[in-house]
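Naming: A, B, ... by sequence-line order, numbering from 1 per chain. From a predicted model like this one, the values you see are computed outputs, not experimental measurements. These values consider heavy atoms only, across backbone and side chains, with no hydrogens, waters or symmetry-generated copies.
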Amino acid sequence: MAALVDGQEKDMSHEIKHSCTVEGIKADSAAGMYILRHSTAHLLAQAVTELYPNAKPTIGPAIDRGFYYDFAMESITEADLKPIQKKMQELARRNFTIERLELDDRDLRQHFATNSYKLEIIDDKVGEGTGSTIYKQGDWYDLCLGPHVPNTGKLMFCKLTSVSSAYWRGDQSREQLVRIYGIVEPTKDALKQTLHRMEEAKKRDHRKLGRDLQLFHIDEEVGQGLILWTPRGAVIRQELQHFIGEHLTRQGYSQVFTPHIGKLDLYRKSGHFPYYQDSQYPPLVEKDLMKKLSDEGCSCSELSNMMKTGDIDGYMLKPMNCPHHVKIYASQARSYRDLPLRLAEFGTVYRWEQSGEISGMTRVRGFTQDDAHLFVTEDQIGQEVLGCIELVQIIFDKLGMKDYRVRVGLRDPDSSKYVGDPARWDKAEQACRAAAASLGVDWSEEEGEAAFYGPKIDFVVKDVIGREWQLGTVQVDYNLPERFDLSYKGSDGGLHRPVMIHRAPFGSMERFCGVLIEHFAGRFPTWLSPTQCHILTISQKHTEYANSVADQLKEHGIRVEIDDGDDTIGKKIRTHRKLHPAYMVILGDGEAENNTVSLRGRSGDQVADIPLTEFVSNLRAEIDDKSSKPNLV
RNA sequence: GCCAACGUAGCACAGCUGGUAGUGCGUCGGAUUUGUAAUCCGACGGUCGGGGGUUCGAGUCCCUCCGUUGGCUCCA
């Protein structure tokens with residue numbers, strides 16, 4: 001693809017004038033794929049400009065899974081991608097040499113005189129008098145630093161995947177551009193494999209599985225982004241909640257319950273209202289007051305103003321649980337001996353997410369956080385943050401979720417939006433770093449990712465489409481204790497301000513389950529399976545035995561479903577397979593006579609004639625162990 | 001919220017350039033009583049997302065609203 005020259009990425013069009021070390025970059029490395037993708041983005045731009053002479057290329061980088069290029073042009077549809085792709089392949093076949101040309105400022109501007117976007121980039125990124133480089137293939141060229149592959153022949157195996165839109169420079173107030181996404185591989189086989197993988201991934205999409213496996217339902221008439229947990233899905237959620245509940249008890253948490261709404265004044269104090277009004281459901285106003293105002297001819301905007309200024313009060317669906325928990329803390333005088341005080345609640349919150357953002361279970365308007373707030377002394381921050389992320393790790397380990405990254409969100413040094421004393425920030429950031437480092441997994445620091453009230457540690461996972469979702473989070477907060485004037489009596493007899501830690505190891509039950517459905521591709525470990533045994537009878541004369549087996553399993557708390565219909569056993573298996581039960585239990589004459597069961601696992605493997613009592617106890621043990629997958633077949 | 005595409009029975013889909021809807025699975029009924037990935041026959045089921053318009057006539061064209069999908073923006 002290109003080469004490392006003295007450790008720097010260069011392409012074949014670089015002239016080497018001194019002695020140096022040269023190391024090839026191949027497509028099997030991340031760097032090589034990156035170059036391949038970037039070069040294909042150029043090829044795409046070349047094809048688009050040939051087919052749409054008015055299109056102006058803007059930027060087109062390589063990304064994790066492929067590449068995209070943004071064009072200022074008339075909008076196009078997916079159907080238009082085919083001819084563009086054809087053109088790209090034609091250009092690839094013509095095997096243009098990709099040349100690197102160094103130009104001075106004037107020349108550079110002249111080359112892009114008709115493209116205001118490129119000129120803007122030159123203005124911003126290219127220093128006065130330094131000039132820059134363009135890459136040329138055939139008659140087409142692009143402003144670019146490279147490196148690139150030596151010729152377009154290397155770019156044969158590409159496919160355009162989707163078209164969408166983007167704002168110029170990610171700024172909502174600026175022009176909307178046409179963005180075309182694509183993928184590329186070095187060989188035909190690799191492309192085929194990648195496309196196949198993408199197809200397979202689609203089958204795991206939690207939105208599809210959620211419907212097929214009857215886990216949840218979203219109903220237009222209920223509302224966008226509002227999840228209805230159907231019986232099978234509810235089982236999974238409940239099991240997860242029990243699981244985490246056990247660990248909370250072990251770690252010294254206290255369970256609390258708080259209502260779904262609170263007065264506007266509460267949120268005025270916490271700072272959520274009216275500052276974050278746009279991302280909240282509109283406030284609820286008391287009936288009598290509403291009637292009085294409407295009799296007085298109060299308009300909507302007047303009402304809204306009166307709420308903002310605090311002239312009238314109302315209630316809000318809670319966007320977070322913390323103010324309620326703060327009030328529990330403040331309900332008693334606290335001493336340093338009470339700390340850390342850890343208040344936990346599966347608290348449902350409501351946020352007005354933008355309609356275009358809502359997606360399945362992963363981005364919703366109402367969700368239940370496995371929330372907790374820890375009230376700690378400043379010295380306890382490090383230890384408690386550590387306890388929190390250990391909890392996250394226990395959960396991720398148990399569920400076999402290894403594909404996540406840890407992000408330590410620090411403040412942006414150039415911003416003034418943060419509240420609190422910089423020295424305390426430093427200390428809290430250090431505590432977060434140390435905690436993350438102790439995890440033994442890769443983690444990264446990201447400036448500007450902190451909340452305005454404190455640094456945080458996030459656990460981020462990808463869905464099947466490659467989108468990243470924040471799940472677990474641990475956040476240090478100096479702000480709320482201040483706003484609510486929280487205190488505790490120290491050993492010195494004086495009053496001190498506690499620090500709060502917000503934490504949610506799953507993040508939200510909705511998002512977490514969505515990700516989990518994809519993680520397991522609907523094939524949950526036995527303890528999480530909505531139904532653990534599907535009992536299938538060979539014929540109707542086995543119904544009685546099937547019922548007695550089901551009863552014994554249920555006695556042991558095992559979730560069972562019986563199919564004693566008159567389908568053939570082959571048909572029953574076919575039907576039930578689609579629900580991915582942990583086990584199918586087949587019952588016929590032999591089993592009924594000997595008080596045994598025959599099992600069929602997900603792979604299709606079978607074990608015949610296991611004594612019923614043995615099966616029950618083994619299955620019970622497997623569930624109690626929370627084994628990562630069914631092992632009895 | 002913005003851009004684009006899409007929206008036909010519970011699900012997956014067909015319906016060409018406008019002439020009042022089809023298939024498969026599921027469901028229900030009947031026959032069959034079956035040993036590990038579909039037994040046979042039959043029936044029910046949709047005013048084609050909602051509303052408005054063009055037209056003699058609209059699932060098919062136009063407008064609008066709602067929703068879905070892919071992005072963008074946002075995410076206390």
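Residue A/R363 is classed as a base contact, given a heavy-atom separation below 4.0 Å to a base. At a threshold of 4.0 angstrom between heavy atoms, the contacts of A/G588 include nucleobase atoms, whether or not backbone atoms are also involved. The residue A/Q354 sits close to a base: some heavy atom pair falls under 4.0 Å. Residue contacts for A/Q280: at a heavy-atom cut-off of 4.0 Å it reaches a base atom on one of the strands shown. Contacts of A/Y181 with the nucleic acid, taken as non-hydrogen atoms under 4.0 Å apart, involve only primed sugar atoms and P, OP1 or OP2. Residue-level contact check: A/Y275 touches neither bases nor backbone, having no heavy atom under 4.0 Å from any strand. Across all strands shown, A/G356 has heavy atoms under 4.0 Å from base atoms, whether or not it also approaches the sugar-phosphate. Residue A/I586 is in base contact, counting any heavy-atom pair closer than 4.0 Å across all strands shown. Residue A/K541 is in sugar-phosphate contact alone, with no base atom involved, counting any heavy-atom pair closer than 4.0 Å across all strands shown. Counting any heavy atom pair closer than 4.0 Å across all strands shown, A/G590 reaches a base atom. Contact annotation for A/S75: backbone-only contact, meaning every heavy-atom pair under 4.0 Å involves sugar-phosphate atoms and none involves a base. No contact: A/D171 has no heavy atom under 4.0 Å from any strand.
On a pure distance criterion of 3.5 Å, no polar donor-acceptor pair joins the side chain of A/R174 and the base of B/C72. Scanning atom types as modelled, one donor and one acceptor separated by under 3.5 angstrom connect the side chain of A/S279 and the base of B/A76. Donor-acceptor pairing under 3.5 Å, judged by distance alone, is present between the side chain of A/Q176 and the base of B/C2. Interface remark: the A/E591 side chain does form a donor-acceptor pair with the B/G35 base, using a distance-only criterion of under 3.5 Å. Residue A/R179 places no side-chain atom within donor-acceptor reach of the base of B/C72, judged by atom type and a 3.5 Å distance cut-off alone. A/Y167 contributes a side-chain N or O that forms a donor-acceptor pair with the base of B/C2 under 3.5 Å.
OP1 or OP2 of B/U39 lies within a sub-4.0 Å distance of a side-chain N or O belonging to A/T568. Not one side-chain nitrogen or oxygen of A/R351 sits closer than 4.0 Å to the OP1 or OP2 atom of B/C74. For A/R467 and B/G71, the shortest distance from a side-chain N or O to OP1 or OP2 is below 4.0 Å. A close approach under 4.0 Å does not occur between any side-chain nitrogen or oxygen of A/K571 and OP1 or OP2 of B/U36. Within the structure, a side-chain polar atom (N or O) of A/Q224 is placed less than 4.0 Å from OP1 or OP2 of B/U68.
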Exercise. What one-letter contact string describes nucleotides 6-17 of chain B from 5' to 3', where B marks a base within less than 4.0 Å of any protein heavy atom, S marks contact via sugar-phosphate atoms alone, and - marks no contact?
Worked result: -----SS-----
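For A/S165, the side-chain atoms get nearest to B/C2 when compared with the rest of B/U68, B/A76, B/C2. Of the candidate nucleotides B/A76, B/C72, B/A37, B/A37 has the atom lying nearest to any side-chain atom of A/R600. Relative to the side chain of A/T77, the nucleotides B/G35, B/G71, B/A4 differ in distance, and B/A4 lies closest. Distances were taken from every side-chain heavy atom of A/A451 (C-beta onward) to each of B/C72, B/G70, B/A76; the shortest belongs to B/A76. Minimum atom distance to the side chain of A/S598 is reached by B/G35, of the listed B/A4, B/G35, B/G70.
For the side chain to side chain donor-acceptor pair (under 3.5 Å) with A/D371, the qualifying choice from A/T258, A/T348, A/N321 is A/N321, the only one to do so.
Nucleotide B/U36 holds its C1' atom 17 Å from the CZ atom of A/R602, rounded to whole Å. Nucleotide B/G35 holds its C1' atom 16 Å from the CG atom of A/D566, rounded to whole Å. Between the CD1 atom of A/I227 and the P atom of B/U68 there is a distance of 10 Å, rounded to whole Å. The separation between A/D70 atom CG and B/C72 atom P is 10 Å, rounded to whole Å. Taking atom NE2 on A/H217 and atom P on B/U68, their separation rounds to 11 Å, with Å as the unit. Here the P atom of nucleotide B/A37 and the CG atom of A/L579 are 17 Å apart, to the nearest Å. The interatomic distance linking A/R574 (CZ) with B/U34 (P) rounds to 22 Å, in whole Å. Atoms OH (A/Y350) and C1' (B/C75) sit 19 Å apart, rounded to a whole Å.
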Problem set entry | Stepwise salt bridge (Lys or Arg N to Asp or Glu O under 4.0 Å) test for A/E449 and A/K456 | CA-CA 8 Å; A/E449 282 295 316; A/K456 59 177 185 170; 5.2 Å; no
Problem set entry | Residues A/S598, A/Q606; criterion side-chain hydrogen bond (donor to acceptor under 3.5 Å, both in side chains); working and verdict | CA-CA 7 Å; A/S598 293; A/Q606 299 158 32; over 6 Å; no
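Rounded to the nearest Å, the gap between the C1' atom of B/A14 and that of B/U8 is 10 Å. A distance of about 14 Å separates the C1' atoms of B/U23 and B/G45, rounded to the whole Å. Nucleotides B/G24 and B/A38 have their C1' atoms positioned 12 Å apart, rounded to a whole Å. Annotation: B/C48 and B/C6 have their C1' atoms spaced 14 Å apart (nearest Å). One P atom belongs to B/U17, the other to B/C61, and the distance between them is 8 Å to the nearest Å.
Using bins of under 30°, 30° to 60° and over 60° for the plane-to-plane angle, the ring pair A/H260/A/Y350 lands in the tilted bin. Under the 30°/60° scheme for interplanar angles, the aromatic rings of A/Y69 and A/F71 are found to lie parallel. The aromatic rings of A/Y404 and A/F459 sit tilted, their planes meeting at an angle between 30° and 60°. The aromatic rings of A/H325 and A/H373 sit perpendicular, their planes meeting at an angle over 60°, well past the 30° parallel limit.
Position along RNA chain B of the nearest nucleotide to A/I358 versus A/G170 favours A/I358 as the more 5'-ward residue. Between A/I76 and A/S603, the residue anchored nearer the 5' end of RNA chain B, judged by the nucleotide with its closest heavy atom, is A/I76.
A donor and an acceptor atom, one from each side chain of A/S270 and A/R483, are nowhere located under 3.5 Å apart. For the residue pair A/S165/A/Q176, the side-chain donor-acceptor check at 3.5 Å is satisfied.
In the displayed structure, A/F452 atom CZ is contacted under 6.0 Å by more than 12 heavy atoms of other residues, nucleotides or ligands.
A salt bridge links A/D458 with A/R407; the closest basic N to acidic carboxylate O contact falls under 4.0 Å.
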